[in-house]
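Let me begin by presenting the structure, written as structure tokens, before commenting on it.
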Amino acid sequence: MSPPPPDRAPAHGGTRPALLTGWGRTAPTAARVARPRTAEQVAEALSRAGARGALARGLGRSYGDAAQAAGGLVLDCTALTGPIRLDTARGEATAPAGTTLGGLVAHLLRHGYFVPVAPGTGQVTLGGAVAADVHGKNHHADSSIGAHVRALTLVTPDGSARALGPEGDGSELFWATVGGMGLTGVVTEVTLAVFPVETAYMRVDTDRTAGLDATLELMSRPASDRRYSVCWVDLLAAGGAMGRGVFTRADHARIGDLPSTLRREPLRHRPGTVLAAPPWAPPGLLNRWTVGAFNAAYLRAAPRRRRGEAQPLAGFFHPLDAVRGWNRMYGPRGLVQYQFVVPFGAEGTLAAVMERLSRAGAPSFLAVLKRMGEPTPGPLSFPRPGWTLAVDLPADLPGLGRLLDALDERLLEAGGRLYLAKDSRARAETVHAMYPELPAWRRVRDRADPGGVLVSDLARRLRLV
Ligand SMILES: Cc1cc2nc3c(=O)[nH]c(=O)nc-3n(C[C@H](O)[C@H](O)[C@H](O)COP(=O)(O)OP(=O)(O)OC[C@H]3O[C@@H](n4cnc5c(N)ncnc54)[C@H](O)[C@@H]3O)c2cc1C
């Protein structure tokens, strides 16, 4: 139930029925799927939306129900592709919204350029990245992708293709679209600021940490302010070791940073070997013991302290892309990703939430902890200055719903919030309290879609529209 393979999608004009889920493979719902190739075909498809509405979908890498619309028309935007235009004088690239981030990176590196924000997988479309206002390991330094979008084209249900930018006329709708989870229209083209790089490698420093205090202390040091930083944290370690992890910091490597063997082709991109995960997994494969053993082995294999290692970009930014379909390892019930941000100063809440997850024996592969910096003006954009933690959990873990509801309350008290692109289970009231700008966003959205055509399962569940 991952996204439909392109070769099975209907030619433009037709629709096919499909059962859709997000990356977590929970809560499938049925929809008709169309596959437009141009902005005109998007407008035409939107005009054919029935009473159950319509919604854009990218590569289905949001974890929950953001890219599905039960009973409605889903526009698979992965065929919105075409040439990428790189303007080196302006430092920007313009691409159709169905372009994958991985494809854009491969193209840009050939010319010695890179994207301003790279989320944990290259398997997302540009449209999906803007709709979720995605962040990467450099949020503390560079904010989220919306801060680097210079222009976008948005097709709204009235059929118009609007050229929008971050300032001036149309900026309100622009910012409602950045992080707006597809509910303001269909993005068909994006112009993104890009920057030059000398090599396709990162210069990486690695430190192993002994527990949560040590992890946070290291991540808070000013000297940690490399452009990129992330910590893989072991939530299954007990007692004082809880929160131990592998902290990596990196900058783009310059030619002089590379060993001589790599200097001959410094921009050679190595997307990495792609292995396929087994098509099915026995229920219970991932439990406290198997995952705990994996985490311990991962930590042991990491260097205690290493400086200046040259790592290929793909391995640094998208390690999970090396295993195709890894989400199937969670078995037929799927997985839930719990990602939140709490403000700086709320480290006590961060520690308490981690301890609750640890005590519940939640078999989580290493959780990902990052620092966040300046937000964008997008009213529904997730990032806020503070600490963000992302944890994958088996959806059938006993008591998971109650546990996460209780954690939501803690987050709310501390001024934290959940990430809509990852959510599949939160309550509407909780999310409304976490996103106080929701009513302002709704006013802008309602002007763009007065007929209420655009809708998703996420929007219905959380009463966003
Ligand atoms: C392994 C993995 C790692 C990840 N790491 C990160 C990370 O580090 N940081 C981060 O921020 N996110 C991360 N994500 C989440 C992912 O970046 C977002 O969910 C992203 O939105 C997925 O893009 P997609 O093309 O698959 O969109 P989908 O999941 O198909 O759709 C997501 C949303 O975008 C909307 N949308 C899609 N296309 C368009 C369009 N053309 N116009 C308007 N709206 C559209 C949909 O309606 C939906 O609301 C990760 C996901 C995975 C699976």
Side-chain angles (χ1 to χ4, degrees), residues 105 109 114 118-122 135-142 197-237 240-273 275 291-323 354 364-373 387-390:
V105 165
L109 280 175
F114 194 62
T121 173
H135 57 274
K137 298 176 171 74
N138 57 339
H139 192 278
H140 62 282
D142 296 322
V197 290
E198 287 184 16
T199 76
Y201 292 86
M202 305 302 292
R203 188 166 44 83
V204 184
D205 290 350
T206 305
D207 289 275
R208 244 196 283 165
T209 64
L212 185 60
D213 288 347
T215 300
L216 293 182
E217 198 272 319
L218 195 58
M219 291 181 82
S220 302
R221 281 188 206 166
S224 299
D225 271 343
R226 299 286 173 76
R227 187 164 196 165
Y228 304 91
S229 77
V230 64
C231 192
W232 294 74
V233 177
D234 181 6
L235 284 188
L236 282 177
M242 200 278 299
R244 67 184 177 178
V246 180
F247 177 48
T248 51
R249 295 170 276 170
D251 284 308
H252 290 273
R254 310 197 59 164
I255 292 184
D257 297 325
L258 299 184
S260 53
T261 46
L262 298 178
R263 282 187 206 168
R264 263 173 269 131
E265 288 184 285
L267 285 167
R268 179 150 172 229
H269 183 39
R270 300 162 201 265
T273 318
L275 304 168
V291 174
F294 170 87
N295 286 358
Y298 180 92
L299 281 155
R300 267 199 311 277
R304 203 171 285 284
R305 185 177 189 279
R306 185 164 57 196
R307 293 291 175 265
E309 184 200 8
Q311 275 185 19
L313 280 169
F316 180 78
F317 285 105
H318 306 136
L320 288 171
D321 287 357
V323 185
M354 289 168 89
S364 173
F365 281 115
L366 304 159
V368 179
L369 181 64
K370 293 187 248 195
R371 272 176 59 192
M372 293 195 135
W387 301 101
T388 182
L389 184 79

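Since this is a predicted model, take the numbers as computed values, not measurements.
When side chains are defined from C-beta on, Trp232 counts as touching Val368, because their heavy atoms get closer than 4.5 Å. Proximity of Met354 to Val233: side-chain heavy atoms (C-beta onward) are separated by under 4.5 Å at one or more points.
Thr199 places a side-chain N or O within donor-acceptor distance of the main-chain N or O of Ala253, the cut-off being under 3.5 Å. Between the side chain of Arg371 and the backbone N or O of Met219 there is at least one donor-acceptor pair closer than 3.5 Å. Here the side chain of His139 pairs a donor or acceptor atom with the backbone of Gly373 at under 3.5 angstrom. Of the possible donor and acceptor atoms, one in the side chain of Asp321 sits under 3.5 Å from a partner among the backbone N and O of Gly122. Under the 3.5 Å distance criterion, the side-chain polar atoms of Thr206 are left unmatched by any main-chain donor or acceptor of Arg306.
Note: Thr209 OG1 to Leu299 CG = 8.0 Å, rounded to the nearest 0.5 Å. Separation of atoms CZ (Arg244) and CG (Leu235) is listed at 11.0 Å; rounding is to 0.5 Å. A distance of 6.5 Å separates CH2 in Trp387 from CG in Leu369, rounded to the nearest 0.5 Å. Atoms OG1 and CE, on Thr248 and Met202 in that order, are 9.5 Å from each other to the nearest 0.5 Å.
Applying the side-chain hydrogen bond (donor to acceptor under 3.5 Å, both in side chains) test to residues at least two apart or on different chains, none of the pairs has a partner in residues 258-269.
Contact record, Cys231 with Thr215: SG-CG2, 3.5 Å, taken as the closest heavy-atom pair. Here the closest non-hydrogen pair linking Asp205 and Gly308 is OD1-N, 2.8 Å. Across all their heavy atoms, Phe317 and Lys137 have their closest contact at O-NZ, 3.5 Å. A pairwise comparison of heavy atoms in Arg226 and His140 identifies O-NE2, 2.8 Å as the closest pair. In plain terms, the two heavy atoms of Ala250 and Val204 that are nearest each other are CB-CG2, 4.0 Å. Across every non-hydrogen atom of Glu198 and Pro266, the tightest pair is O-CB, 3.8 Å.
Ring-plane geometry between His252 and Phe114 is classed as perpendicular, the angle between the planes exceeding 60 degrees on a 0 to 90 degree scale with a lower cut at 30.
Partners of Asp207 according to the salt bridge (Lys or Arg N to Asp or Glu O under 4.0 Å) rule, which considers only residues two or more places apart in sequence or in another chain, are Arg249, Arg307. Under the salt bridge (Lys or Arg N to Asp or Glu O under 4.0 Å) criterion, Arg208 pairs with no residue at all, not counting sequence neighbours.
Remark: of the listed residues Gln311, Glu309, Arg270, Arg270 is the sole one forming a side chain to side chain donor-acceptor pair (under 3.5 Å) with Tyr201. A side chain to side chain donor-acceptor pair (under 3.5 Å) with Arg227 holds for exactly one of Asp251, Asp142, Asn138; it is Asp142.
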